[in-house]
Each structure stands twice: as C-alpha cells, then as structure tokens.
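As structure tokens, the structure follows; a few thoughts come after it.
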Amino acid sequence: MTRPFYVTTPIYYVNGAPHIGHAYTSVAADVLARFHRLAGDDVFFLTGTDEHGQKVEQAAQAAGVAPKAFADRVSDDFRSMADAMAISYDDFIRTTEPRHIEGAQALWRKVADNDAIYLGAYEGWYALRDECFYGEDELITGPDGQKVAPTGAPVEWVKEPSYFFRLSAFQDRLLAYYEANPEFLGPHGMKREIISFVKQGLRDLSVSRTSFNWGIPVPGDEQHVMYVWFDALANYLSALDYPNTDAARMRFWPASLHLVGKDIARFHAIYWPAFLMAAGVELPQKIFANGWWTIEGQKMSKSLGNVVDPRDLVKEFGLDAVRFFLLREVPFGGDSDLSRKSLIMRNNVELANDLGNLAQRTLSLVARNCGGILPERRALTEEDTHLLGQVAVLRELMASQMDRCALTDALEDVWKVIRACNAYIDHQAPWALKKTDPERMNDVLRVLVDALRGIATMLQPFMPQSMERMLTQLGVAEEERIFAALETPLPGGRVLPAPQGIFPRYVEAADPA
Ligand code: MSP
C-alpha cells in the first residue's frame with residue numbers, strides 16, 4: 001500500500017520578483033517530495049502564487065498594468081524560478097484560477113453555514129506589507145517614533161464594514177489541539193510563540209474588505225472581497241478539487257506538511273486550523289516554519305539593492321551546489337546567512353573534495369585497474385561490513401530526520417558516511433594493491449562502488465542532477481534508483497562509463513590561490 005504524502009510551499013505574492021527566500025522553502029519542500037517519491041509513497045507536491053489583495057493591486061497600479069495582466073507576468077516568473085531550481089511540483093495553483101475561486105468560496109460558505117462568520121465593522125490597524133491586522137497592543141515604535149507592526153511594517157488605521165470570523169471561539173480548541181498533537185507545529189520555538197500568542201487571547205478576525213475589489217467576492221455579498229489570507233489559505237484545499245470530496249485528489253487530504261516561512265506561521269498555525277475546525281474539515285498533520293536568509297550579514301531589501309535571484313547563483317555555481325548550500329548551511333528551521341565565501345567553501349570542501357574526489361578516485365581506479373568493469377561482490381572483511389552497514393542504515397536514519405523536517409541533520413548523516421568512506425579508501429589504499437593483492441583491490445573497489453551507490457541514491461532528493469550523473473557512472477540503471485532497489489546488489493561484470501568529475505572546485509577569479 002502506498003502512503004499518500006501531500007506537501008505544500010506557501011503560495012508566493014506576485015507583487016515582486018522571486019528571490020532566494022522564496023526559492024528556499026520551495027527547495028526544502030522539493031527535497032521532501034522527492035524523498036517520499038523515492039521511498040515509494042504516493043506524493044502530491046503543491047506550489048503556486050497568491051495573486052489577490054491590496055498589495056498586489058497597488059503593485060500592478062504602480063506598474064501601470066491591470067492586476068490580472070500583472071499577476072500573469074509575475075506568476076510566470078515564479079514558475080520559471082521553480083523550474084530553474086528543479087522544483088518537482090505536481091501542480092502550480094494560482095488564486096485567480098476559477099478552480100481556486102470556487103474552492104475558496106465553498107470553504108467560506110461552509111464556515112458561514114456553521115455560524116462562524118458574522119457581519120460587523122472593522123476599525124483598527126492594518127499592515128499592507130504583511131497583509132495583516134494587528135492589535136494596538138502588538139504595535140511597536142518605529143525608527144521615526146511612529147507606530148509600526150512588530151515586523152517593522154508600516155500600519156494604517158482602517159475603518160470599514162467587514163465580515164468577521166469567530167476566531168475567539170476557537171481559542172480553547174486550538175490550545176487543546178496543540179497539546180494533544182505535539183508534532184503539529186515545529187520547530188519548538190515557533191510552537192512556543194504560537195501557544196503563548198493564543199493564550200494571550202484571540203480577537204475575532206476581519207475576513208473581508210470593502211475598500212478595494214481585487215479579490216474573491218464574498219458569497220452572497222458582492223460588496224465585499226475576501227481577506228487575502230482567507231483566500232490564500234484555501235489554496236491547499238482548492239488544488240485538491242475541494243469541495244468535491246469524491247475527487248481523486250482529495251485522498252491527499254489532510255496535508256502531510258505545510259512548509260512556511262517563520263513570518264507566516266501565525267496564519268498557518270492559528271487562522272488556518274481555526275477555519276478548518278469551523279468548516280468541519282480535518283486539520284493538516286504538520287506545519288513547519290523555516291528561518292530567514294540574510295545576505296552577507298544584511299537583511300535582504302530592495303532599498304539595499306541586495307536582493308538575490310537564485311537563478312543568478314545557479315548560473316555561477318551550478319544548481320546542485322546552490323540547493324546543497326541552502327539546506328546544509330544552518331539547521332533547517334533557523335535563520336541563515338548567504339555569503340559567497342561560505343557558498344564557495346561548502347562547494348569546495350564538501351562537494352568537490354569529500355564527495356567528488358571520493359567518486360573520482362574510486363571510479364578512475366575501476367576504469368584503470370579493472371578495465372572499467374564492476375568487480376563481483378565477494379566475501380567481506382570486518383571493515384567492509386562495517387562501512388556498508390553505515391551506508392545501509394542511512395535510509396531509515398534519513399527517513400526519520402525527514403519526518404522531523406531535520407533536512408540539515410539528514411545531510412550531516414550522509415556526510416558522516418562520506419567521511420568514513422574517505423577514511424576507508426585511505427586506509428585500504430586500493431591503488432597500492434594492484435601489484436600485491438589484485439583480488440583484494442577488486443573487493444575494496446567494489447565496496448566503495450556499493451557505498452557510493454547508497455550515498456548517491458540517498459542524496460538524489462537534495463542534488464537530483466549531479467546524483468543522476470553519479471549513479472550513471474556507477475552503472476546504476478534508472479529503475480534501480482529508488483530506495484527499495486538498494487536491497488539488491490548490482491550484478492558484477494557491468495561495464496561502467498568513463499568517469500567524469502561531477503563537482504568542480506570553484507576558484508574566485510580575483511583569488512590568487
Ligand atoms: N502569500 C503569502 C503566503 C500565502 S500561503 C497560503 C506570502 N507570500 S510571500 O511571497 O510574501 O512570502 C512567501 C515566503 O517567502 C514566506 O514563507 C516567507 O517566509 C519567505 N521569505 C520571504 N523573504 C525571505 C527571506 N529573506 N528568507 C527566507 N524566506 C523568506 O507570505
């Protein structure tokens with residue numbers, strides 16, 4: 001029986017161009033989707049764009065383009081960024097699509113039918129940049145002495161008729177849910193913040209706007225458009241053809257994991273579960289928040305001119321070096337800094353040296369000393385068994401790290417084995433065995449090929465392109481690349497293709513070294 005695995009990225013606002021922060025969550029979700037596919041699960045991986053709301057409307061106005069035409073253009077750019085990063089999404093949803101509008105309206109009706117929505121008037125603070133209502137008590141004093149949102153975003157006083165969602169009525173149920181489902185929110189810091197925010201008391205939430213009209217009409221009252229977060233969150237269901245509960249895609253609900261940035265944890269960990277409770281829909285299994293990237297120690301911002309387009313990094317360093325860096329640099333969940341120096345260092349030390357050289361040394365010895373033919377697997381020494389044992393447990397070890405969203409720990413587990421392989425090759429010195437003990441040389445090289453096969457198979461989700469090349473060089477056929485295939489050793493006697501370096505060292509042009 002294949003298990004369903006449904007993972008989502010946030011849907012990205014189309015008010016500006018895609019950058020490395022957006023690529024980050026998408027790459028992380030992609031690693032999880034690919035991992036589960038290779039593990040044999042039934043995967044659905046969703047990404048897309050969030051196209052309504054005042055922020056997008058204003059960006060379109062500033063560009064002198066109609067909102068839909070503007071959204072079309074920027075949404076295409078997000079899709080091309082996803083493609084450039086090899087994001088293997090199964091669907092790309094846009095909130096301006098009819099299927100989404102229907103889904104969001106159906107969810108609204110369900111919530112309203114269950115008496116969780118009422119008409120009133122909103123008077124209070126709104127931060128356009130965050131598309132978020134803030135209570136007076138949450139505001140802080142900005143650099144110029146004015147009131148700003150806790151995120152630093154400017155706030156404006158809004159007064160308009162509005163539908164409200166009875167969020168306050170869900171406070172106790174939410175707290176009980178967090179308590180009963182300790183794995184629901186992660187990492188711990190985010191969970192702690194959410195619980196303390198909910199404990200401070202929840203106010204009913206304004207869920208419609210009347211002062212502009214770039215949004216989904218509220219069913220039954222066309223004067224109002226839905227609050228962009230009600231609209232946006234519904235994407236996770238509308239992409240599965242909700243409200244058609246008989247649709248084949250509905251087998252993926254409840255979602256296994258919503259991956260989000262820490263700034264949007266509140267919407268996912270409080271509002272979304274409350275909307276679903278009100279609609280009588282099952283809650284997702286997990287919401288996990290990743291940290292934020294700074295660039296060379298500074299906040300990324302248009303005004304500083306340091307916004308990084310991941311496609312530029314890919315052009316310079318190669319796709320897999322960038323994907324690897326993003327997930328390797330800092331434990332997933334924490335904040336990280338992107339610097340050229342550390343990107344080059346990770347590439348040169350861990351990819352080119354630790355893994356690339358190991359593969360190159362092994363495969364060139366097979367080419368030179370074994371006529372390019374994979375030696376048979378024969379009796380193993382204790383050291384051989386020990387090394388291969390470390391490789392064999394990776395599958396289970398990584399699966400449990402993946403369940404915890406510990407993507408960096410999963411990479412560290414693989415690197416421990418890579419370092420063990422390097423110690424093994426140095427100790428066994430197969431190059432010296434050619435004359436003294438050619439049979440043992442064959443055995444050592446075979447053990448190394450098997451270890452590399454295990455490593456490359458398990459690293460495919462992180463670095464799909466280079467691991468594909470590595471597996472080809474190791475003589476692994478395409479249908480032998482799923483995790484379960486690792487149980488069957490490759491038959492000896494296969495002719496391996498001529499080895500070629502996989503991870504070039506990067507040398508700074510201006511660097512005399
Ligand atoms: N449209 C909403 C999400 C709706 S989901 C139902 C949104 N969009 S966004 O485009 O502003 O942000 C999308 C994601 O990008 C968020 O998860 C946010 O954390 C992430 N990032 C934006 N800047 C970032 C960094 N500098 N670093 C890491 N992630 C960052 O919010």
Side-chain angles (χ1 to χ4, degrees), residues 320-321 324 347-395 411 413-460 462-478 480-481 485-486 488-505:
D320 285 347
F324 176 73
N347 177 73
N348 289 355
V349 174
E350 294 182 325
L351 295 182
N353 220 27
D354 293 350
L355 178 55
N357 270 353
L358 175 69
Q360 187 66 17
R361 284 209 281 178
T362 303
L363 288 169
S364 54
L365 283 170
V366 173
R368 218 170 337 136
N369 294 353
C370 314
I373 291 172
L374 179 68
E376 294 290 342
R377 163 87 79 96
R378 302 185 319 146
L380 301 171
T381 66
E382 210 174 295
E383 283 121 313
D384 302 346
T385 315
H386 182 68
L387 186 73
L388 292 174
Q390 283 179 274
V391 178
V393 294
L394 273 182
R395 196 173 148 197
L411 279 177
D413 288 338
V414 185
W415 251 259
K416 278 190 193 130
V417 180
I418 293 173
R419 286 184 217 114
C421 287
N422 278 311
Y424 175 90
I425 196 173
D426 289 342
H427 185 70
Q428 302 288 333
W431 45 86
L433 291 168
K434 182 168 183 189
K435 288 211 178 85
T436 56
D437 190 349
E439 292 211 328
R440 179 62 192 150
M441 176 196 72
N442 282 349
D443 291 347
V444 167
L445 291 175
R446 172 67 204 224
V447 165
L448 284 164
V449 168
D450 288 347
L452 278 165
R453 176 200 179 191
I455 289 164
T457 300
M458 298 312 299
L459 282 178
Q460 288 176 98
F462 291 88
M463 299 186 284
Q465 294 182 347
S466 36
M467 291 307 103
E468 187 184 320
R469 293 178 58 207
M470 191 175 284
L471 288 166
T472 301
Q473 295 193 28
L474 291 164
V476 183
E478 256 173 54
E480 292 167 333
R481 295 176 186 185
L486 289 175
T488 317
L490 299 176
R494 276 196 188 166
V495 182
L496 305 190
Q500 280 174 347
I502 288 179
F503 295 112
R505 270 185 79 79

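Model, not experiment: these values are computed from the prediction. Every heavy atom of this structure was used, including side-chain atoms; hydrogens, water molecules and symmetry mates were not.
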Legend entry - Closest heavy-atom pair and its distance - Ile455, Val391: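 Heavy atoms of Ile455 and Val391 come nearest at N-CG1, 4.3 Å.
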
Legend entry - Shortest non-hydrogen contact from Arg453 toward Leu471: O-CD2, 4.0 Å

Inset, instruction - Output the distance between atom CD (Gln473) and atom CD (Gln360), rounded to the nearest 0.5 Å. - result: 7.0 Å

Inset, instruction - Run the numbers on Leu380 and His386 for side-chain contact (heavy atoms from CB on, under 4.5 Å), then give the verdict. - result: CA-CA 10 Å; Leu380 301 171; His386 182 68; over 6 Å; no

Legend entry - ring pair (Phe, Tyr, Trp, His ring centres under 6.0 Å) partners of residues 415-452, not counting sequence neighbours, each pair once: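 Residue pairs passing ring pair (Phe, Tyr, Trp, His ring centres under 6.0 Å), neighbours aside: Phe324-Trp415.
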
For residues [X] and [Y], determine if any side-chain heavy atom of one lies less than 4.5 Å from a side-chain heavy atom of the other.
X      : Y      : result
Leu365 : Cys370 : no
Leu351 : Met463 : yes
Leu474 : Asp450 : no

Legend entry - Summary of salt bridge (charged side-chain N to carboxylate O under 4.0 Å, His left out) pairs that have at least one residue in residues 380-392, sequence neighbours excluded: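 Matches after skipping sequence neighbours: Asp384-Arg440.
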
Legend entry - Pairs where residues 349-358 contributes a residue and the test salt bridge (charged side-chain N to carboxylate O under 4.0 Å, His left out) is met, not counting sequence neighbours: Arg328-Glu350, Arg346-Glu350

Inset, instruction - Apply side-chain contact (heavy atoms from CB on, under 4.5 Å) to Arg481 and Glu468, showing your working. - result: CA-CA 9 Å; Arg481 295 176 186 185; Glu468 187 184 320; 3.5 Å; yes

Legend entry - Test side chain to side chain contact (heavy atoms under 4.5 Å, CB included) applied to Leu433 and Leu445, Val444, Asn442, the passing residue: Val444

